[in-house]
Amino acid sequence: MCSSDLEQPSDTPLRLSLDDAISLGLDRNVRLLYDRAKQKTVRGEQLSVINALLPSLRASASTATDEINLAALGFNPKALGGLSEQFGLSASQFPQIVKVNVTQAQLSASQEFFDLPAYELYRGSKREAEVVDLDVLTSRGDVVLAVGSAYLQVLADQTNLTNAQAQERAAKTLFDQASQRRKAGVGTSLDELRAQVEYQQREQATIAADNQLAKDTIQLNRIMGIPAGQKLELTDA
């Protein structure tokens with residue numbers, strides 16, 4: 001079952017080994033997700049602080065087309081005289097306006113020699129990042145322990161429920177036998193009453209065991225970060 005299939009409870013029981021349950025907890029536990037989000041936030045703040053200590057680089061580039069009026073600059077093709085004729089050119093072939101493509105690029109850098117406030121902020125953010133990392137590591141350990149304990153508790157609840165159901169069936173058999181003996185005239189009403197009380201107590205014990213199993217299953221689901229109503233089939237005995 002993929003992660004997206006766990007957003008809503010399914011009628012089909014989810015088969016889980018202990019390793020699967022721990023993996024789900026590490027991936028979906030709400031507290032761990034919150035700690036990881038906080039970790040990313042602190043990392044971003046730390047990068048912002050580090051940016052204030054790094055050199056500032058600025059790059060720019062531009063391309064433009066300039067028009068140069070040769071006549072306005074005082075250039076007269078006739079002043080070339082016979083020089084232009086030596087190249088087979090006449091004065092009328094020289095344009096008065098010339099278009100020139102100009103491309104330029106610029107790179108600048110600046111660095112403050114020492115910024116004490118920024119350095120102190122960097123030290124503080126570094127310590128905060130270490131604390132958050134330890135929080136995430138602690139949360140991971142807590143989730144593993146909590147999932148493992150809850151998984152084993154559900155297994156114990158299942159065993160208790162099976163035992164309670166067996167005792168209920170045995171008490172029901174004894175109650176039926178006591179009723180039949182009384183009806184046959186070889187038993188007493190007191191024996192039947194005792195068997196009935198024992199049977200009712202076993203019924204209550206079965207109901208209590210079933211309710212405890214349901215509560216502990218919900219608790220396991222919540223720790224793993226899946227819907228509380230999801231049915232489980234634990235494969236590790």
Side-chain angles (χ1 to χ4, degrees), residues 1-37 135-237:
M1 183 176 292
C2 63
S3 179
S4 60
D5 294 334
L6 299 175
E7 299 303 329
Q8 297 295 332
S10 171
D11 293 334
T12 303
L14 177 62
R15 291 177 55 84
L16 280 181
S17 66
L18 181 57
D19 290 339
D20 294 335
I22 292 175
S23 297
L24 274 177
L26 293 177
D27 185 53
R28 300 175 61 90
N29 181 265
V30 176
R31 176 186 172 187
L32 197 52
L33 291 176
Y34 171 79
D35 288 342
R36 286 171 180 159
D135 286 343
V136 172
L137 186 61
T138 301
S139 297
R140 286 177 59 88
D142 291 344
V143 168
V144 171
L145 180 60
V147 171
S149 299
Y151 189 97
L152 296 178
Q153 184 61 54
V154 171
L155 286 177
D157 292 340
Q158 291 176 345
T159 302
N160 291 336
L161 177 60
T162 301
N163 182 57
Q165 289 171 340
Q167 291 181 351
E168 179 187 350
R169 289 193 296 269
K172 179 65 166 59
T173 301
L174 293 176
F175 174 54
D176 292 340
Q177 291 176 352
S179 298
Q180 292 172 2
R181 284 197 298 269
R182 184 190 62 80
K183 292 177 181 179
V186 294
T188 64
S189 298
L190 181 59
D191 291 336
E192 182 184 12
L193 179 60
R194 288 174 177 173
Q196 182 180 7
V197 171
E198 178 68 18
Y199 171 57
Q200 290 174 344
Q201 289 178 343
R202 295 304 177 186
E203 276 187 321
Q204 294 299 319
T206 299
I207 294 173
D210 189 38
N211 290 337
Q212 188 63 44
L213 173 60
K215 289 193 295 184
D216 289 338
T217 301
I218 291 174
Q219 179 66 14
L220 175 58
N221 288 343
R222 293 172 71 91
I223 297 174
M224 293 188 298
I226 63 178
Q230 176 62 52
K231 298 180 181 179
L232 301 178
E233 181 181 346
L234 306 187
T235 59
D236 284 343

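All values derive from a computational prediction rather than experimental measurement.
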- Item | Spatial distance of atom CD (Q158) from atom OG1 (T162) [nearest 0.5 Å] | 7.5 Å
- Please determine which of D27, N29, L14, L232 meets the side-chain contact (heavy atoms from CB on, under 4.5 Å) test together with M224. L232
- Task: Using a 4.5 Å cut-off on heavy atoms from C-beta on, say whether the side chain of L16 contacts that of E233.
- Result: no
Please tabulate, one pair per line, all N/O donor-acceptor pairs under 3.5 Å involving side-chain atoms of residues 136-150, not counting sequence neighbours.
residue, atom, partner, partner atom, Å
T138, OG1, L134, O, 2.9
S139, OG, D35, OD2, 2.4
S139, OG, D135, O, 2.9
D142, OD2, R31, NH1, 3.4
S149, OG, L145, O, 2.9

- Message: Any salt bridge linking E168 with K172? Criterion: basic side-chain nitrogen under 4.0 Å from a carboxylate oxygen.
- Response: no
- Please answer whether the main-chain N or O of R15 pairs with a side-chain N or O of T235 as donor and acceptor at a distance below 3.5 Å. no
- Any residue meeting side chain to side chain contact (heavy atoms under 4.5 Å, CB included) with Q200, in chain and number order, not counting sequence neighbours: Q196, E203
- Query: Do D20 and S17 get their side chains close enough for a donor-acceptor pair, meaning under 3.5 Å?
  - Reply: yes
- Query: L174 versus Y199: any side-chain heavy-atom pair under 4.5 Å?
  - Reply: no
- Query: Among side-chain atoms of T206 and Q165, is any donor-acceptor pair under 3.5 angstrom?
  - Reply: no
- Note on the structure: Here the gap from R182 atom CZ to L190 atom CG, rounded to the nearest 0.5 Å, amounts to 12.0 Å
- Quick one: salt bridge (Lys or Arg N to Asp or Glu O under 4.0 Å) pairs with a partner in residues 213-229, sequence neighbours left out? none
- Message: Between E198 and R202, does the salt bridge (Lys or Arg N to Asp or Glu O under 4.0 Å) criterion hold? Intermediate values first, please.
- Response: CA-CA 6 Å; E198 178 68 18; R202 295 304 177 186; 2.9 Å; yes
- Message: Could you check whether T188 and D191, counting side-chain N and O atoms only, form a donor-acceptor pair closer than 3.5 Å?
- Response: yes
- What is the distance from atom CG of L220 to atom CG of L24, rounded to the nearest 0.5 Å? 9.5 Å
- Message: Is there a side-chain contact (heavy atoms from CB on, under 4.5 Å) between R28 and I226? Walk through the geometry before answering.
- Response: CA-CA 7 Å; R28 300 175 61 90; I226 63 178; 3.8 Å; yes
- Shortest non-hydrogen contact from S10 to Q230? N-OE1, 2.8 Å
- Message: With a 3.5 Å distance limit and no angle check, can you tell me whether Q212 reaches the backbone of D157 through a side-chain donor-acceptor pair?
- Response: no
- Item | Atom of D236, atom of L18 and distance for their closest heavy-atom approach | OD2-N, 2.8 Å
